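Since the structure comes first, as structure tokens, the remarks are kept for the end.
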Amino acid sequence: MKTWLQDTFAVEKPVIGMCHLLALPGDPGYDRTAGMPAVVDDARANLRALQAGGVDGVMFSNEFSLPYLTKVECVTVASMARVIAELRDEIRVPFGVNVLWDPYASLDLAVATGAQFVREIFTGVYASDFGLWDTNCGAIVRHQQAIGGGDVRLFFNILPEAAAYLANRDIVSVARSTVFNTGPDALCISGLTAGEETSTATLRLVKDALPEIPIVANTGVHHTNVAEQLNIADAVIIGTAFKRDGVFENPVDADRVKALMDKVEVLR
């Protein structure tokens with residue numbers, strides 16, 4: 001049966017490449033001398049490398065805004081909107097956004113830029129390296145409707161990086177109740193940090209429990225494990241493995257993207 005993932009990305013088992021943005025105005029690492037033109041130029045180079053390598057989709061994220069906020073400042077959303085607006089004519093694949101870690105801001109940015117999907121923490125209460133994540137999914141989806149974002153697909157990150165669910169519940173119970181109570185478009189399963197491999201055992205548990213819901217391997221997919229990950233997951237999101245030398249902070253390397261995508265094409 002054809003899923004919305006296939007309708008959106010025009011392939012089975014889509015690979016979404018991360019276009020990580022440099023630190024933005026207000027972030028500790030922002031380069032005031034180079035300014036926003038440098039952020040745009042870096043994002044353009046990464047976008048071009050991802051698309052040249054053959055990814056099925058792209059997600060823009062303020063990855064280098066470390067340490068992240070759970071309620072971002074207006075300048076972050078404005079800066080990300082500027083970047084995407086300047087690149088809009090070059091985007092040839094479906095794209096999404098993720099404003100770390102603020103679901104309202106992610107939806108605002110999606111509606112403003114025409115993004116087809118967002119990835120965020122929409123449900124649950126977590127103890128994280130960035131403080132307490134206390135969500136309100138009912139308010140978030142009402143905000144989505146109020147701003148005209150009803151067509152934006154929601155990737156629920158239910159096992160987020162650098163965080164632990166506060167209730168004493170196993171991941172399958174969390175996944176089942178999330179689907180029953182909130183109706184996500186997809187569930188993302190992550191490793192400890194960006195670049196850390198997603199547990200295939202956890203992916204299998206969630207997929208077996210919820211075969212009708214797209215399950216996404218959210219971190220740590222690379223050249224040697226992509227077959228194993230895509231054997232279970234319905235899609236993968238890749239950032240670090242596409243970077244030069246496989247280093248999180250480096251720019252995207254088009255040759256690394258193509259090498260991994262060539263493997264994916266054989267699998268598909």
Side-chain angles (χ1 to χ4, degrees), residues 1-9 11-16 56-57 59 70 94 96-104 106-107 110 115-128 132-147 149-192 197-221 229-237:
M1 180 182 296
K2 196 173 185 182
T3 69
W4 72 263
L5 280 174
Q6 291 168 266
D7 287 336
T8 300
F9 297 99
V11 293
E12 293 186 12
K13 307 271 187 174
V15 174
I16 300 169
D56 305 306
M59 183 162 9
T70 54
V97 296
N98 183 194
V99 185
L100 300 162
W101 285 101
D102 188 331
Y104 295 94
S106 292
L107 285 165
Q116 288 121 306
F117 56 94
V118 300
R119 176 188 63 182
E120 258 301 343
I121 312 300
F122 293 105
T123 56
V125 180
Y126 297 85
S128 82
L132 192 67
W133 284 339
D134 185 6
T135 61
N136 186 338
C137 191
I140 294 166
V141 297
R142 283 167 175 79
H143 177 73
Q144 177 188 14
Q145 298 300 319
I147 63 175
D151 292 335
V152 178
R153 296 289 187 172
L154 305 183
F155 285 57
F156 280 47
N157 195 348
I158 61 167
L159 189 63
E161 306 96 304
Y165 203 100
L166 283 186
N168 184 22
R169 302 174 64 202
D170 63 87
I171 187 60
V172 171
S173 296
V174 171
R176 282 178 169 158
S177 63
T178 297
V179 169
F180 181 84
N181 288 312
T182 63
D185 294 301
L187 298 177
C188 293
I189 310 296
S190 311
L192 178 64
E197 184 172 346
T198 302
S199 164
T200 53
T202 303
L203 282 172
R204 175 60 70 191
L205 284 171
V206 177
K207 188 60 189 176
D208 286 348
L210 296 161
E212 73 282 7
I213 299 295
I215 306 301
V216 181
N218 191 46
T219 66
V221 177
Q229 297 274 304
L230 275 179
N231 184 52
I232 304 169
D234 299 288
V236 296
I237 297 172

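Given the structure is predicted, the values throughout are model-derived calculations rather than measurements.
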Check: Which atom pair, heavy atoms only, marks the closest approach of Arg119 to Ser106?
Finding: O-OG, 4.4 Å
Notebook entry, point to check: Would a distance-only check, ignoring hydrogens and angles, find a side-chain to backbone donor-acceptor pair under 3.5 Å from Gln144 to Val152?
Noted result: yes
Margin query: Below 30° counts as parallel, above 60° as perpendicular, anything between as tilted: where do the rings of Trp133 and Trp101 land?
Written below: tilted
Notebook entry, point to check: When rounded to the nearest 0.5 angstrom, what is the spacing between OG1 in Thr182 and CZ in Phe122?
Noted result: 9.5 Å
Checklist line | Candidate pair Leu107 and Ile140, rule side-chain contact (heavy atoms from CB on, under 4.5 Å), full reasoning | finding: CA-CA 9 Å; Leu107 285 165; Ile140 294 166; 3.7 Å; yes
Notebook entry, point to check: Name the one of Val206, Val216, Asn157 that satisfies side-chain contact (heavy atoms from CB on, under 4.5 Å) with Ile189?
Noted result: Val206
Note to self: Donor-acceptor pair, distance only, cut-off 3.5 Å: does the side chain of Glu161 make one with the backbone of Ser190?
What the structure shows: no
Item checked: Note, Val174 side chain near Leu159 side chain (heavy atom, < 4.5 Å) -> no
Next item on the list: State, to 0.1 Å, how close Ala175 and Leu187 come at their nearest heavy-atom pair, and which atoms those are.
Entry: CB-CD1, 4.0 Å
Check: Can you check whether Pro214's main-chain N or O pairs, donor with acceptor, with Lys207's side chain at less than 3.5 Å?
Finding: no
Next item on the list: Measure across Leu203 and Ile215 and return the closest heavy-atom pair with its distance rounded to 0.1 Å.
Entry: CD2-CG2, 3.8 Å
Next item on the list: Take the angle between the ring planes of Tyr104 and His143 and call it parallel below 30°, perpendicular above 60°, tilted in between.
Entry: perpendicular
Next item on the list: Quick one: list whatever passes side-chain contact (heavy atoms from CB on, under 4.5 Å) with Pro14, sequence neighbours left out.
Entry: Leu5, Phe9, Val11, Asp56, Ala235
Check: What heavy-atom pair brings Pro184 and Ile213 nearest, and what distance separates the two atoms?
Finding: O-CD1, 4.4 Å
Item checked: Lys13 versus Leu230, closest heavy-atom pair with distance -> NZ-O, 2.6 Å
Next item on the list: Show your reasoning for whether side-chain contact (heavy atoms from CB on, under 4.5 Å) applies to Ile16 and Phe155.
Entry: CA-CA 12 Å; Ile16 300 169; Phe155 285 57; 4.1 Å; yes
Notebook entry, point to check: So, Glu120 side chain and Asp102 main chain: donor-acceptor pair closer than 3.5 Å or not?
Noted result: yes
Check: Can any side-chain N or O of Ser199 pair as donor or acceptor with the backbone N or O of Ala201 at less than 3.5 Å?
Finding: yes
Item checked: Nearest heavy atoms of Ala217 and Ala233, plus distance in Å -> N-CB, 3.9 Å
Check: So, does Thr123 use its side chain to make a donor-acceptor pair with the main chain of Cys137 at under 3.5 Å?
Finding: no
Notebook entry, point to check: According to the ring-ring contact (aromatic ring centres under 6.0 Å, His included) rule, which pairs have a member within residues 159-191, sequence neighbours left out?
Noted result: Tyr126-Tyr165
Check: Excluding sequence neighbours, so at least two apart, what forms side-chain contact (heavy atoms from CB on, under 4.5 Å) with Glu12?
Finding: Gln6
Check: Do Arg204 side-chain atoms and Thr200 backbone N/O form a donor-acceptor pair below 3.5 Å?
Finding: no
